[in-house]
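One structure is given here, and the rest of the page talks about it.
Here is the naming used below: chain letters follow the sequence lines, and residue numbers restart at 1 for every chain.
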Amino acid sequence: MNFFSYLADVVNKELEQLSASGGLPEGLDLKNVSVEPPRDSSHGDVATNAAMVLAKQARMKPRDIADALAARLEDNADIETIEVAGPGFINMRLSPSFWHARLAEVLAGGAGYGTSDVGKGEKVNVEYVSANPTGPMHVGHARGAVVGDALARLLGKAGFDVTREYYINDAGSQIDVLAKSLHLRYREALGEDIGEIPEGLYPGDYLIPVGQKLAETMGDKWREAPESDWLEEFQVIAIDAMMEMIRTDLAALGIVFNVFSSERDLVKAGEVEKAIAQLDSLGLIYEGRLDPPKGKLPDDWEDREQTLFKSSEFGDDTDRPIKKFDGSWTYFASDISYHRNKFERGFKTQIDVWGADHGGYVKRMKAAVQAISGGEAALDVKLCNLVKLLRDGEQVKMSKRSGSFVTLREVVDEVGRDVVRFIMLTRRNDAPLDFDFNQVTEQSRDNPVFYVQYAHARTRSVLRNAAETIGSDVLGDISYPELAKTDCSGLTDPDELALIRLMASWPRTVETAAAAHEPHRIAFYLHEVASAFHSLWNKGKDDVSLRFIFEDDISLTRARLALIGGAASVIAGALDVMGVEALEELR
RNA sequence: GGUCCCGUAGCUCAGUUGGAUAGAGCGCAAGAUUCCUAAUCUUGAGGCCAGAGGUUCAAAUCCUCUCGGGAUCACCA
């Protein structure tokens with residue numbers, strides 16, 4: 001249960017009763033009344049702004065409303081103390097028994113705790129990675145991959161029906177380049193000395209094995225043939241090989257898609273024509289001229305008539321071309337048809353995860369989604385900023401031209417998938433991110449992955465240790481469902497209750513992070529839980545009564561183990577939303 | 001020049017879609033190991049939330065302008 005929602009219901013009911021009994025006017029609009037954590041935990045566990053929000057409508061002083069409401073809430077058994085503070089906040093501290101009940105929920109819920117139905121099964125499409133199939137994935141792709149995957153998991157946890165989708169950009173001119181590069185490697189495999197890879201072709205050696213295989217299976221059939229004979233076939237072969245490589249790399253990161261959509265297939269099926277025809281029927285397509293960009297004029301600027309989409313009618317800065325000079329569709333045109341295709345498959349909420357360098361593309365794409373859906377669908381674009389790789393304090397230089405970029409695979413092989421995934425979520429998606437090889441493999445609190453994993457390993461260590469030192473025949477069953485039934489009235493220390501309050505905040509964290517489409521919040525939440533747990537652990541060093549295991553007090557030990565088990569369960573559950581496995585021990 | 005993102009402690013960043021005295025880590029200063037992993041914890045100093053207006057009970061958050069950093073700017077994807 002989201003205890004904030006629960007208390008919001010309680011507050012709303014009391015407000016209605018106040019209205020009914022004449023303490024407040026009737027017919028008040030309660031929609032802005034909220035029950036939230038206070039900024040400063042010394043103010044209490046939850047706070048409501050009801051008195052301030054209603055003051056104007058009710059034509060009463062906030063303090064008067066607050067006093068009346070507080071007087072009613074005071075009788076509620078879940079509320080231990082209540083006070084009116086500041087301009088009219090009502091601060092509530094909840095009773096220990098309320099928190100004990102939440103702990104039981106955490107344990108009984110296990111991995112499913114925090115799962116919400118706010119999504120109401122609504123279909124959401126998350127499109128991410130969508131790297132061009134022209135080479136291996138590099139670390140920049142890794143960030144988009146992790147953000148998209150974690151967002152998909154988060155939305156699923158919040159009750160949405162999520163589809164993870166990869167859009168294969170396999171129709172543009174870079175595919176011609178890919179096919180030509182492959183032909184060169186094919187000739188090389190047949191024994192030809194190809195020398196330096198010419199400028200404009202892909203120099204990486206990942207096409208070498210593909211060329212070799214071609215030479216084996218096809219012999220020299222295409223060696224001297226004109227380009228027009230082999231281009232199409234080489235394109236298909238190259239795309240398949242690259243996508244296979246990309247899938248493998250993504251799998252190494254633990255990322256799997258439900259749907260791969262091919263731009264090439266869309267174009268071949270005439271989907272672009274359909275989409276453009278629809279826009280045309282709405283009067284949104286016309287022939288016209290664009291103003292050149294202000295400021296510096298591009299060298300090759302040519303003022304000419306083009307086929308344009310009226311994206312400016314939907315908030316874009318200017319209208320956008322949908323055909324190239326040679327009459328073929330622009331990338332934008334096929335992207336319109338792709339998003340239309342997603343809408344026709346029932347996705348009214350679409351999320352795209354892009355690199356920050358595509359920021360200038362957001363407005364037109366949102367405009368297009370609005371236009372093709374008649375305003376029924378909405379697109380949210382998450383832009384992922386750059387990842388800066390650091391090693392020994394030095395930036396690892398990446399140059400695509402020389403082919404010396406660091407691949408996703410290399411990073412995953414070096415530090416592990418869980419580390420990559422976690423670190424990629426330690427910043428907001430639109431903030432630049434430093435990925436420091438030294439830091440992320442370090443076993444210290446500088447390393448957030450370690451800090452959180454260590455907390456989990458410690459919880460598991462205590463549970464193992466309890467069973468060993470006391471013996472399970474005396475201690476009893478300490479599985480989470482059994483611990484859920486434990487009498488926890490012995491848990492009264494403020495830090496213990498604070499830890500439970502954090503655990504109990506997990507459902508709300510899921511809901512708010514999902515609503516905001518911000519998976520990084522899970523990483524910050526985890527850091528908080530880990531910190532609260534480490535803190536409690538160390539408190540037991542000074543205060544023996546706060547230790548977890550007492551051989552002569554099984555009842556208290558079980559209560560403490562319930563606390564520990566709850567922490568373990570919530571940490572593991574939150575890590576799972578990030579796609580990270582919780583570790584049992586760190587040795 | 002247009003557009004978008006960013007500007008919060010010395011550094012790296014959070015800030016729960018408008019809430020109270022703005023938080024955390026690193027670094028700095030001082031401390032804590034008879035126990036289950038000190039691989040951790042506790043305390044302290046450190047701020048004109050880039051700046052100026054506006055909106056309202058309430059602004060780091062929303063609006064306008066200025067300054068500074070980044071991305072991008074027809075016919076690439």
**Message:** Using a 4.0 Å heavy-atom cut-off, does A/Gly540 contact any base of the nucleic acid, only the sugar-phosphate backbone, or nothing at all?
**Reply:** base
**Request:** Using a strict cut-off of less than 4.0 Å between a Lys/Arg side-chain nitrogen and an Asp/Glu carboxylate oxygen, indicate whether A/Lys31 and A/Asp29 qualify as a salt bridge.
**Result:** yes
**Message:** Quick check on B/rU42: is either OP1 or OP2 less than 4.0 Å from any side-chain nitrogen or oxygen of A/Ser535?
**Reply:** yes
**Message:** Between C1' on B/rC76 and CD1 on A/Ile322, what's the gap in Å once rounded to a whole number?
**Reply:** 17 Å
**Request:** Quote, to the nearest angstrom, the P distance that separates B/rU12 from B/rU64.
**Result:** 29 Å
**Asked** Using a cut-off of 4.0 Å on non-hydrogen atoms, how would the nucleic acid contact of A/Leu386 be classed: base, sugar-phosphate, or nothing?
**Response** nothing
**Asked** Between the base of B/rU16 and the side chain of A/Arg508, is there a donor-acceptor distance below 3.5 Å?
**Response** yes
**Fill in**
Contacts of A/Asp542 and A/Ala85 projected onto RNA chain B by closest heavy atom; the upstream (5') one is A/Ala85
**Request:** Using the C1' atoms only, state how far B/rC26 lies from B/rA14, rounded to an integer number of Å.
**Result:** 14 Å
**Message:** At 4.0 Å (heavy atoms only), tell me whether A/Val53 reaches a base, stays on the sugar-phosphate, or touches nothing.
**Reply:** base
**Complete:** Ranking B/rA77, B/rG19, B/rG15 by distance to the side chain of A/Glu518, first place goes to B/rG15
**Asked** Hey, is the main chain of A/Asp392 close enough, under 3.5 Å, to the side chain of A/Asn438 for a donor-acceptor pair?
**Response** yes
**Asked** Can you find an N or O donor on one side and an acceptor on the other, under 3.5 Å apart, linking the side chain of A/Asn538 with the base of B/rA32?
**Response** no
**Request:** For A/Lys56, report the nucleic acid contact type (base, sugar-phosphate, nothing); a contact means any heavy atom under 4.0 Å.
**Result:** sugar-phosphate
**Message:** Could you spell out the base pairing of RNA chain B as a dot-bracket line? Use Watson-Crick and G-U wobble contacts where both distances are under 3.5 Å, [ ] for crossing pairs, | for partners on a different strand.
**Reply:** (((((((..((((.....[...)))).(((((.......))))).....(((((..]....))))))))))))....
**Message:** For a quick check of understanding: with a heavy-atom distance under 4.0 Å over all strands, which category does A/Glu302 fall into, base, sugar-phosphate or nothing?
**Reply:** base
**Request:** Measure the distance from CZ on A/Arg63 to C1' on B/rA58 and round it to the nearest whole Å.
**Result:** 15 Å
**Asked** Cation over ring, A/Lys382 on A/Trp354, under 6.0 Å and within 45°?
**Response** no
**Message:** So if I take every side-chain heavy atom of A/Phe524 and compare against B/rA14, B/rC5, B/rU17, which nucleotide ends up nearest?
**Reply:** B/rA14
**Prompt:** Of the candidate nucleotides B/rA20, B/rA74, B/rC57, which contains the atom at the shortest distance from the side chain of A/Met52?
**Reply:** B/rC57
**Fill in**
The nucleotide from B/rA14, B/rG1, B/rG19 with an atom nearest the side chain of A/Pro293 is B/rG1
**Asked** Expressed in angstrom and rounded to an integer, what is the separation of A/Glu263 atom CD from B/rC76 atom C1'?
**Response** 11 Å
**Asked** What integer distance in Å separates A/Arg428:CZ from B/rA24:P?
**Response** 19 Å
**Asked** Taking the same atom, C1', in B/rG23 and in B/rU66, what whole-Å distance lies between them?
**Response** 29 Å
**Message:** Distance criterion of 3.5 Å, no angle test: do you see the side chain of A/Arg547 paired donor-to-acceptor with the base of B/rC36?
**Reply:** no
**Centroid distance under 5.5 Å and plane angle under 30°, A/His527 vs B/rG25** = no
**Request:** Whole angstrom is fine here: how far is it from NE2 in A/His534 over to C1' in B/rC36?
**Result:** 14 Å
**Prompt:** Rounding to a whole Å, what distance do you find between A/Gln57:CD and B/rU56:C1'?
**Reply:** 15 Å
**Prompt:** Quick one: is the NZ or CZ of A/Arg508 closer than 6.0 Å to the six-membered ring centre of A/Phe4, and within 45° of its axis?
**Reply:** yes
**Message:** Mind checking if A/Ala455 touches a base, just sugar-phosphate, or nothing, with heavy atoms under 4.0 Å?
**Reply:** nothing
**Complete:** Looking only at B/rU34, B/rC4, B/rC75, the nucleotide nearest the A/Lys363 side chain is B/rC4
**Request:** For A/Glu442, answer base if it contacts any base atom (sugar-phosphate contacts may also be present), sugar-phosphate if it contacts only those atoms, and nothing otherwise; contact means non-hydrogen atoms under 4.0 Å.
**Result:** nothing
**Asked** B/rC67 and B/rA50: how far apart are their C1' atoms, nearest whole angstrom?
**Response** 8 Å
**Message:** Among B/rA20, B/rA74, B/rC36, which nucleotide has an atom closest to any side-chain atom of A/Asn91?
**Reply:** B/rA20
**Message:** Can you see if the side chain of A/Trp301 gets near the phosphate of B/rC75 - specifically, an N or O under 4.0 Å from OP1 or OP2?
**Reply:** no
**Message:** At 4.0 Å (heavy atoms only), tell me whether A/Gln306 reaches a base, stays on the sugar-phosphate, or touches nothing.
**Reply:** base
**Message:** Categorize A/Ala516 for me: base, sugar-phosphate, or nothing, with a 4.0 angstrom heavy-atom threshold over every strand shown.
**Reply:** base
**Request:** Using atom types as modelled and distance alone, determine if a side-chain donor or acceptor of A/Ser531 lies under 3.5 Å from a backbone N or O of A/His527.
**Result:** no
**Message:** Between A/Asp352 and A/His358, do the side chains contain a donor N or O and an acceptor N or O under 3.5 Å apart?
**Reply:** no
**Item:** Shortest side-chain distance from A/Phe325, nucleotide among B/rA77, B/rC75, B/rA20
**Value:** B/rC75
**Asked** Mapping A/Asn132 and A/Glu584 to their closest nucleotides on RNA chain B, which lands nearer the 5' end?
**Response** A/Glu584
**Message:** Could you measure the distance from the CG atom of A/Asp493 to the CG atom of A/Leu546? Nearest 0.5 Å is fine.
**Reply:** 4.5 Å
**Prompt:** In whole Å, what is the span from the NE2 atom of A/His520 to the P atom of B/rU12?
**Reply:** 18 Å
**Atom pair OH/CZ of A/Tyr167 and A/Phe260 - distance to nearest 0.5 Å** = 14.5 Å
**Complete:** A/Asp335 atom CG is separated from B/rC75 atom P, nearest whole Å, by 13 Å
**Item:** Nearest to side-chain heavy atoms of A/Pro321, which nucleotide of B/rA74, B/rU34, B/rA77
**Value:** B/rA74
**Request:** Using a strict 4.0 Å threshold on nitrogen-to-oxygen distance, state whether A/Arg560 and A/Glu496 make a salt bridge.
**Result:** yes
**A/Lys324 side-chain N/O to B/rA77 phosphate OP1/OP2 under 4.0 Å** = yes
**Message:** Classify A/Tyr451 by what it touches in the nucleic acid, base, sugar-phosphate, or nothing, heavy-atom distance under 4.0 Å.
**Reply:** sugar-phosphate
**Message:** Over all strands shown, is A/Pro448 touching base, sugar-phosphate only, or nothing at heavy-atom distances under 4.0 angstrom?
**Reply:** nothing
**Message:** So A/Arg521, base contact, sugar-phosphate only, or nothing? Heavy-atom distance under 4.0 Å.
**Reply:** sugar-phosphate
**Request:** Indicate whether OP1 or OP2 belonging to B/rA32 is found under 4.0 Å from a side-chain N or O atom of A/Lys541.
**Result:** no
**Request:** Check each of A/Leu151, A/Leu155, A/Val577, A/Asn429 against A/Pro519 using the side-chain contact (heavy atoms from CB on, under 4.5 Å) test, and report the only one that passes.
**Result:** A/Leu151
**Message:** By nearest atom, which of the nucleotides B/rU16, B/rC36, B/rA77 is closest to the A/Pro37 side chain?
**Reply:** B/rU16
**Message:** Once you apply a heavy-atom cut-off of 4.0 Å, does A/Asn49 come out as touching a base, just sugar-phosphate, or nothing?
**Reply:** base
**Presence of salt bridge, A/Glu165 and A/Lys342, under 4.0 angstrom** = no
**Prompt:** Has the side chain of A/His358 got a donor or acceptor atom sitting under 3.5 Å from an opposite partner on the base of B/rA77?
**Reply:** yes
**Request:** Report which part of the nucleic acid A/Gly359 touches: base, sugar-phosphate, or nothing (heavy-atom distance under 4.0 Å, all strands).
**Result:** nothing
**Request:** Report yes if at least one side-chain N or O of A/Arg364 is closer than 4.0 Å to OP1 or OP2 of B/rU72; otherwise report no.
**Result:** no
**Asked** Can you check whether A/Ala171's main-chain N or O pairs, donor with acceptor, with A/Tyr331's side chain at less than 3.5 Å?
**Response** no
